[in-house]
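Working notes, structure below.
Just so you know, ligand 1 is whichever comes first in the structure, and atom 1 is the first atom listed for that ligand. In this text the structure is predicted, and so the values were computed from the model without any measurement. Residues take their numbers from the sequence shown, with the count starting at 1.
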Amino acid sequence: MKASAFAYARATDVENALELLAAHGENARVLSGGQSLLPAMNLRLITPKLVVDIGDLAELRGVVVKGDVLTIGALTRHGDLLKSPEIASHAPLLREAVAHVAHPAIRNRGTIGGSLAQADPASELPACMLTLNATIVARGPAGERRIAAHEFFTGIYETALMPQELLVAVELPIPAKDLTHFFHEFSRRHGDYAILGLAAQALVKNDQFTDLSLGFFAIGDRPLLASSAGKLVGVVVTSAILSDACAALDAEVDPLEDQQATPAMRRHLAKVLLRRCVSSLLGRPDLRSGGPA
Ligand code: FAD
């Protein structure tokens with residue numbers, strides 16, 4: 001299919017993009033890499049009257065370290081994240097996750113801002129934002145505002161962004177050097193959208209977690225920062241404690257049914273991933289088996 005007729009404007013700078021969005025409101029859509037917007041328009045799932053192309057706005061592209069904050073411009077492409085030395089050294093979890101986003105052709109066009117604004121619950125990057133305690137920076141008619149990642153994703157393809165706002169950047173706190181991470185997703189083929197995935201980061205001292213963030217994706221209508229992680233922090237993790245954490249995880253998830261999996265299968269996979277994650281981060285192969293609770 002082809003998109004319905006629409007007007008096109010190439011923004012000359014951020015102010016110009018904001019003026020266009022303010023003038024056209026819900027009738028306008030921002031175009032970044034186009035890897036989600038254009039398929040949706042071609043299928044006529046969305047029919048904007050105006051497409052505002054921000055692809056030329058170099059000021060929104062790039063990765064910068066300032067003090068203890070890593071700032072990623074919204075137009076930074078997935079492929080750029082993979083090549084960035086700053087991402088490799090300060091956000092290795094993100095780097096590992098991006099390698100699972102689609103395929104090189106899509107990673108060469110798709111952007112981090114587009115991925116977060118799209119808010120597909122099966123996407124890797126929104127879950128990473130929760131795990132990494134990111135702040136989403138948005139600019140609109142009233143100026144700039146910062147939104148904590150855990151308040152940004154509000155439903156399937158829904159975010160806290162207003163139609164007149166532009167996502168301009170993502171800020172990540174630079175973590176202590178000895179943080180470790182775990183990333184795994186179940187998918188039919190590498191590069192497919194996940195059936196279920198987990199992006200985790202932890203601080204381990206004396207064989208115990210002193211901090212643990214578990215960001216699940218494809219688990220519900222939005223990514224989930226699992227509070228059941230709390231059961232595993234500050235204790236010597238035993239098989240019984242891990243089973244308890246698995247039960248708590250089961251109680252806090254609300255998986256969706258789609259063509260890839262039933263809710264029961266997603267519940268099962270979430271617990272399998274939690275066991276693998278804990279076993280891997282603590283270097284405890286004994287915790288991997290035992291099956292999901
Ligand atoms: P666009 O397509 O340009 O925009 C997406 C949406 O976000 C639109 O509604 C647009 O208006 C809005 N938007 C874009 N930028 C901004 C901004 N700065 N401010 C406000 N709103 C904005 N993604 C995954 O995460 N995992 C996958 O496994 C995966 N597989 C894919 C497989 C295929 C075959 C394809 C075509 C895509 C896949 N994607 C996957 C999606 C891909 O990662 C997209 O790049 C990403 O979802 C959107 O980025 P984009 O820059 O192309 O955004």
Side-chain angles (χ1 to χ4, degrees), residues 3 6 8-11 14 17-18 20-22 24-43 45-57 59-61 72-82 94 96-129 136-140 144-145 147 152-153 156-170 183 185-197 199 215 217-218 222-223 260:
F6 62 92
Y8 171 89
R10 182 171 288 215
V14 170
L18 292 177
L20 289 164
L21 293 177
H24 296 271
E26 299 207 350
N27 290 324
R29 280 293 181 130
V30 175
L31 172 69
S32 284
Q35 298 305 296
S36 296
L37 181 66
L38 295 184
M41 285 173 62
N42 287 341
L43 291 168
L45 297 171
I46 47 175
T47 52
K49 298 219 170 10
L50 174 70
V51 168
V52 178
D53 185 350
I54 62 168
D56 275 354
L57 307 187
E59 65 219 85
L60 297 183
R61 185 165 287 138
I72 308 171
L75 271 184
T76 308
R77 294 186 174 128
H78 304 320
D80 298 330
L81 295 174
L82 279 176
L94 184 58
E96 193 170 338
V98 172
H100 291 262
V101 174
H103 309 285
I106 290 151
R107 293 200 292 265
N108 286 339
R109 300 294 312 172
T111 66
I112 186 166
S115 177
L116 302 182
Q118 178 71 10
D120 188 316
S123 273
E124 292 82 358
L125 303 194
C128 289
M129 295 302 112
I136 315 296
V137 186
R139 220 176 284 169
E144 199 162 273
R145 66 183 180 119
I147 310 161
F152 185 76
F153 304 102
I156 302 178
Y157 306 123
E158 282 180 14
T159 71
L161 276 181
M162 292 187 288
Q164 306 90 337
E165 282 184 315
L166 202 57
L167 194 165
V168 292
V170 174
F183 181 90
E185 70 177 45
F186 294 109
S187 59
R188 287 183 191 277
R189 296 165 302 189
H190 184 93
D192 283 2
Y193 274 105
I195 299 169
L196 196 105
F217 52 100
R222 66 197 82 176
Q260 293 226 77

Of all the atoms in ligand 1, which lie at a distance below 4.0 Å from a heavy atom belonging to I54?
18 (N)

Nitrogen or oxygen of A117 less than 3.5 angstrom from that of ligand 1:
no

Test of proximity, S36 against ligand 1: N or O pairs below 3.5 Å:
yes

Report yes if A74 has an N/O atom closer than 3.5 Å to an N/O atom of ligand 1; otherwise report no.
no

Give the single entry among H103, H78, E124 that approaches atom 43 (O) of ligand 1 most closely by any heavy atom.
H78

Return yes when A194 approaches ligand 1 closer than 4.0 angstrom through a heavy atom, no otherwise.
no

E144 atom CD: more than 12 heavy-atom contacts under 6.0 Å:
yes

Region of L167 engaging ligand 1 - heavy atom pairs below 4.0 Å:
both

Find the distance between CZ (R61) and OG1 (T111) and round it off to the nearest 0.5 Å.
8.5 Å

Heavy-atom side-chain proximity of I46 to L37 below 4.5 angstrom
yes

For V30 and ligand 1, does the shortest N/O to N/O distance drop below 3.5 Å?
yes

Indicate, as side chain, backbone, both or neither, the part of L75 found under 4.0 angstrom from ligand 1 when only non-hydrogen atoms are considered.
neither

